[in-house]
Amino acid sequence: MLAAVLAVSAVIFVGVSADGLYGRDALVRDGGGAGHPVAPASAGTWVTAWATAPGGGEPGTEAGGLAGRTVRNVVHTTAGGTHARVTLSNLYGRAPLTLTHASLAVSADSDSAAALAETMRPLTFAGNPSVVVPVGGRVVSDAVRVRIPRDAHVLISTYSPVQSGPVTYHKHARQISWVAEGEHTADTTGTPYDVQSTVWRYVTALDVLSDDSEGTVVVLGDSLTDGISATVGADARWPDVLSDRLRTALASGRGLPHYSVVNAGLSGNRVLADGPGRPPRNPSALRRFGRDVLGRANVRVVVVVLGVNDILRAPDTADPDRIVDGLTALTQRAHARGLKVVGATLMPYRGHHGYTAYGEDVRRRINAEIRDGGVFDEVVDFDEAVRDAYDPRRFRAGYDSGDGLHPSDAGYARMAEAFELDALKGGAPARL
């Protein structure tokens with residue numbers, strides 16, 4: 001179910017349901033304390049500079065969570081701004097999540113947990129340094145005044161002193177984050193952070209009051225968008241490369257929209273079916289669309305790269321018509337909110353252990369429907385871009401990570417290169 005928490009004037013967002021929507025482009029009260037006054041509404045546009053999709057509760061944290069430890073998540077921005085706010089989730093928790101301290105800072109060193117001291121800001125929630133995130137809920141911090149560069153790494157740190165049950169996390173971050181014993185959210189040296197992590201915990205979005213972007217592109221996908229095989233710490237997922245291409249084109253004077261690009265990829269994700277559990281681990285794209293797409297700030301374009309897992313999970317029975325209907329339903333939901341949809345063809349996967357001749361036929365039938373133009377507003381042909389000319393059921397040499405399904409860094413780069421930037425122009429077609 002969709003829910004919304006709306007306050008008047010200086011807005012603070014707190015504790016909405018897992019599929020709730022925020023007025024994410026609204027001006028939020030500055031939580032930076034003395035010396036950090038409220039920003040005028042004309043100071044910029046709220047966009048999402050980074051995001052991820054929560055996929056489940058972290059194994060091994062079912063009893064105690066991460067009580068008594070500070071989590072320092074490292075995230076990569078695709079927009080810059082003058083103010084920032086953070087979304088924290090307890091979607092998969094079985095007890096309220098009590099956070100007594102939280103902070104945000106720009107990273108000083110890509111190889112450590114050190115922060116630029118002048119950018120360290122404590123985070124507050126409705127003016128308070130602590131917050132309780134209800135079971136299944138999430139909170140958005142007050143906005144703090146701090147210069148967030150585009151194409152930077154930002155440190156988002158949280159500390160909980162009490163047990164909270166399973167930690168809501170994103171498994172395949174492809175980024176090194178950090179953990180420290182004790183409360184060290186305000187530390188700038190990085191010294192206490194002696195445990196590395198390859199997952200993102202609690203944090204699901206970083207918004208900025210941007211002076212270089214006017215909207216957000218959300219890429220809704222599975223492991224092929226999540227970047228499961230991309231080099232760790234290299235920001236080599238294809239949406240990262242797409243963001244770089246867009247900024248390079250804008251710098252050269254091309255008439256393109258100034259958008260951030262955020263990654264809502266979730267490994268194993270399907271269009272139609274949820275994973276197990278309540279709330280479901282790895283919810284279907286149709287279920288999570290409200291949270292992971294519409295819940296982002298100033299969304300203008302949705303990019304959909306989904307369908308192969310619906311085939312892999314039913315290699316001999318997958319129904320191409322139902323999958324296409326699901327993709328079409330995503331487009332219809334986007335259009336209802338005035339959003340343009342760019343969709344991708346399904347890439348080859350011969351060589352993967354889940355390959356079957358039946359599944360290959362289903363993939364081709366889905367791609368034919370997508371290319372015909374009745375599913376999405378614009379189409380990017382990833383299949384054509386990466387397939388082998390002599391065996392189109394496989395990746396071209398150099399584009400395969402080695403498992404027959406996931407691209408290499410070169411393959412991800414080729415996907416981004418195949419994306420026609422002009423597809424980001426305009427909006428949803430007029431509804432008759």
Side-chain angles (χ1 to χ4, degrees), residues 2 4 21-28 41-53 76-81 83-85 87 140 148 150-151 204-221 225 238-251 254-265 285 288-306 327-344 375-380 416 419-431:
L2 301 178
L21 302 183
Y22 302 112
R24 302 285 292 176
D25 54 350
L27 182 68
V28 184
S42 61
T45 302
W46 281 107
V47 303
T48 300
W50 169 88
T52 195
H76 177 247
T77 63
T78 61
H83 290 66
R85 65 191 183 200
T87 303
V140 180
I148 301 292
R150 186 190 69 80
D151 198 25
T204 58
L206 169 65
D207 297 340
V208 297
L209 188 62
S210 183
D211 48 13
D212 67 15
S213 295
E214 60 192 359
T216 302
V217 176
V218 178
V219 185
L220 183 69
T225 293
W238 81 263
D240 298 318
V241 183
L242 177 64
S243 177
D244 290 342
R245 281 194 63 223
L246 178 58
R247 291 297 170 166
T248 298
L250 287 167
R254 282 187 64 180
L256 296 165
H258 290 69
Y259 290 159
S260 64
V261 179
V262 299
N263 192 328
R288 68 188 184 97
F289 190 85
R291 182 191 69 215
D292 293 340
V293 176
L294 301 181
R296 300 304 169 221
N298 246 313
V299 182
R300 302 293 183 85
V301 179
V302 184
V303 181
V304 178
V305 190
L306 286 163
L327 294 172
T328 303
L330 292 173
T331 298
Q332 292 169 343
R333 290 186 65 184
H335 286 176
R337 292 291 293 268
L339 306 179
K340 184 175 185 178
V341 183
V342 181
V375 181
F376 304 115
D377 302 323
E378 302 268 2
V379 174
V380 54
F419 194 106
E420 177 49 61
L421 296 178
D422 284 336
L424 299 176
K425 292 181 178 179
R431 298 166 65 190

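Everything numeric here is computed off the predicted structure, so don't read it as measured data.
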Heavy-atom closest contact ([X] atom, [Y] atom, distance):
X	Y	answer
Leu206	Ala84	CD1-CB, 4.0 Å
Leu424	Tyr259	O-CE1, 3.7 Å
Gly265	Arg288	C-NH2, 4.4 Å
His335	Ala428	CD2-CB, 3.7 Å
Ala249	Leu256	CB-CD1, 3.6 Å
Gly215	Val47	N-CG1, 3.5 Å

Begin with the C-alpha distance, continue with both residues' side-chain angles, and end with the deciding distance and a verdict on side chain to side chain contact (heavy atoms under 4.5 Å, CB included) for Trp50 and Asn263. CA-CA 7 Å; Trp50 169 88; Asn263 192 328; over 6 Å; no
Would a distance-only check, ignoring hydrogens and angles, find a side-chain to backbone donor-acceptor pair under 3.5 Å from [X] to [Y]?
X	Y	value
Ser243	Pro239	no
Thr328	Val375	no
Arg85	Val140	no
Arg245	Phe419	yes
Thr87	Thr204	no
Arg300	Glu214	yes
Ser210	Trp46	no

How long is the gap from [atom1] on [X] to [atom2] on [Y], to the nearest 0.5 Å?
X	Y	atom1	atom2	result
Asp151	Asp244	CG	CG	5.5 Å
Ser213	Leu246	OG	CG	8.0 Å
Leu242	Leu421	CG	CG	6.5 Å
Arg333	Leu294	CZ	CG	6.5 Å

Would you indicate whether the side-chain heavy atoms of [Y] and [X] approach each other to under 4.5 Å?
X	Y	answer
Leu220	Val305	no
Val342	Glu420	no
Leu327	Phe376	yes
Val217	Val262	no
Thr77	Ile148	yes
Val218	Asp292	no

Can Trp238 and Thr225 be counted as having a side-chain donor-acceptor contact under 3.5 angstrom? yes
Less than 3.5 Å apart, any donor N or O on the side chain of Thr48 or Asp207 sitting next to an acceptor on the other? yes
Might you work through the side chain to side chain contact (heavy atoms under 4.5 Å, CB included) test for His258 and Leu250, ending with a clear yes or no? CA-CA 8 Å; His258 290 69; Leu250 287 167; 3.7 Å; yes
In terms of side-chain geometry, is the basic nitrogen of Asp422 or Arg254 positioned less than 4.0 Å from the acidic oxygen of its partner? yes
Could you tell me whether Asp377 and Lys340 have a side-chain N and a carboxylate O separated by less than 4.0 Å? no
Mind running side chain to side chain contact (heavy atoms under 4.5 Å, CB included) on Glu378 and Val341 for me, showing each step along the way? CA-CA 7 Å; Glu378 302 268 2; Val341 183; over 6 Å; no
Decide yes or no on side chain to side chain contact (heavy atoms under 4.5 Å, CB included) for Val208 and His83, but give the supporting numbers first. CA-CA 5 Å; Val208 297; His83 290 66; over 6 Å; no
